[in-house]
There are 2 protein chains.
Amino acid sequence: MQGDRSHPTAEAIYLRVKNQIPHISLGTIYRNLKVLAEQGLILEIPVADGPARYDFRTDNHYHFICDKCGHAHDIEMPLPTSLTQSLQRSGYAVRTQQILFYGLCPNCKS
Amino acid sequence: MQGDRSHPTAEAIYLRVKNQIPHISLGTIYRNLKVLAEQGLILEIPVADGPARYDFRTDNHYHFICDKCGHAHDIEMPLPTSLTQSLQRSGYAVRTQQILFYGLCPNCKS
DNA sequence: ATAGGTGCAAAATATTTGCTAGGGC
DNA sequence: GCCCTAGCAAATATTTTGCACCTAT
């Protein structure tokens, strides 16, 4: 699962895990995802008009949510650390950040 | 409402509007917020662990959600347009973007 | 009269929780 | 046995929707 780049919803994870552990329940999935997210081991991505996505990558990167296919793409671009630094100078303690783009992905655009 | 900087939830907006229009319903609030957001006239901000916030500013800016007080602060920093441009060069059609920081705000940090 | 927007309430969706029970030490 | 975690189902939270009605054109 660590190598997963598909940003699945809790539901999708549930279905997948169920193949391995047929009696697992959705509640358990949510419970564990929440704990993992609190620990900072995974990333919870709340999305407009839909269930949250989960990301198993914890290195800083962006996401692009396609309006049409709904797929969440990883965007490989370096984070401008200047933003975080600037915030910290202003007295904010940044725990995590999230940069989200919405629009049409290359596939759906054409 | 246009000058509002408090990033209210639909519920908060409902309560406020109800002062003016006592018989308004929450469903109508949601309905109208959704339309406005689709038109790009307001911004819908999905938040982890809570209801979406709405922002009446449409100029590009960031938000900082405090883990403790839950308040959404406006962060006044210029958007690096290079990111969007880079995405567009890669074939993405960017409709809107959203940069969200989570952590402790200056008030709650101390 | 017709179109568009609304109230109301039910439905749909998403997530959390209480409680009981089972597995590992 | 004790503790931790899970299953299950109910509860909660959030958002959307159907439908009848009202109002302005």
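The basis for the numbers below is simple: all heavy atoms, side chains too, and nothing from hydrogens, waters or symmetry mates. Throughout, protein chains are lettered first and strands after them, A, B, ... in sequence-line order, and every chain is numbered starting at 1.
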Worksheet, complete the sentence: Between B:Ala93 and A:Lys109 the two heavy atoms that sit nearest each other are CB-CD, 3.6 Å

Response to the item:
In terms of heavy-atom contacts, B:Tyr102 and B:Asp67 come closest through CB-OD1, 4.0 Å

Worksheet entry | For chain A, the stretch of DNA chain C it reaches, first to last nucleotide, under 4.0 Å of its heavy atoms | C:dA14 to C:dG18

Practice prompt. Report which part of the nucleic acid A:Ala52 touches: base, sugar-phosphate, or nothing (heavy-atom distance under 4.0 Å, all strands).
Written response: sugar-phosphate

Using a cut-off of under 3.5 Å, enumerate the N/O to N/O pairs linking the protein to nucleotides 5-7 of chain D.
| unit_1 | atom_1 | unit_2 | atom_2 | d |
| --- | --- | --- | --- | --- |
| D:dA6 | OP1 | A:Asn32 | ND2 | 3.2 |
| D:dA6 | OP2 | A:Asn32 | OD1 | 3.2 |
| D:dG7 | OP1 | A:His23 | O | 3.2 |
| D:dG7 | OP1 | A:Ile24 | N | 3.2 |
| D:dG7 | OP2 | A:Ser25 | N | 3.2 |
| D:dG7 | OP2 | A:Ser25 | OG | 3.3 |
| D:dG7 | OP2 | A:Thr28 | OG1 | 2.3 |
| D:dG7 | O5' | A:His23 | O | 3.0 |
| D:dG7 | N7 | A:Arg31 | NH2 | 3.1 |
| D:dG7 | O6 | A:Arg31 | NH1 | 3.4 |
| D:dG7 | O6 | A:Arg31 | NH2 | 3.4 |

Worksheet item: Does the side chain of A:Ile99 reach to within under 4.5 Å of the side chain of B:Gln97, using non-hydrogen atoms?
Response: no

Fill in: Distance, rounded to the nearest Å, where A:Asp49 contributes CG and D:dT16 contributes C1'
10 Å

Fill in: Whole-Å distance separating the CG atom of B:Leu33 from the P atom of D:dT15
10 Å

If you measure from [atom1] on [X] to [atom2] on [Y], what distance do you get to the nearest 0.5 Å?
{"X": "A:Leu33", "Y": "A:Glu44", "atom1": "CG", "atom2": "CD", "answer": "8.0 Å"}
{"X": "A:Phe101", "Y": "A:Ile75", "atom1": "CZ", "atom2": "CD1", "answer": "7.5 Å"}
{"X": "A:Arg57", "Y": "A:His7", "atom1": "CZ", "atom2": "NE2", "answer": "7.0 Å"}

Fill in: All pairs passing side chain to side chain donor-acceptor pair (under 3.5 Å) where residues 22-31 of chain B contributes a residue, at least two apart
B:Ser25-B:Thr28

Worksheet item: Is the closest side-chain donor-acceptor distance between B:His71 and B:Asn107 under 3.5 Å?
Response: no

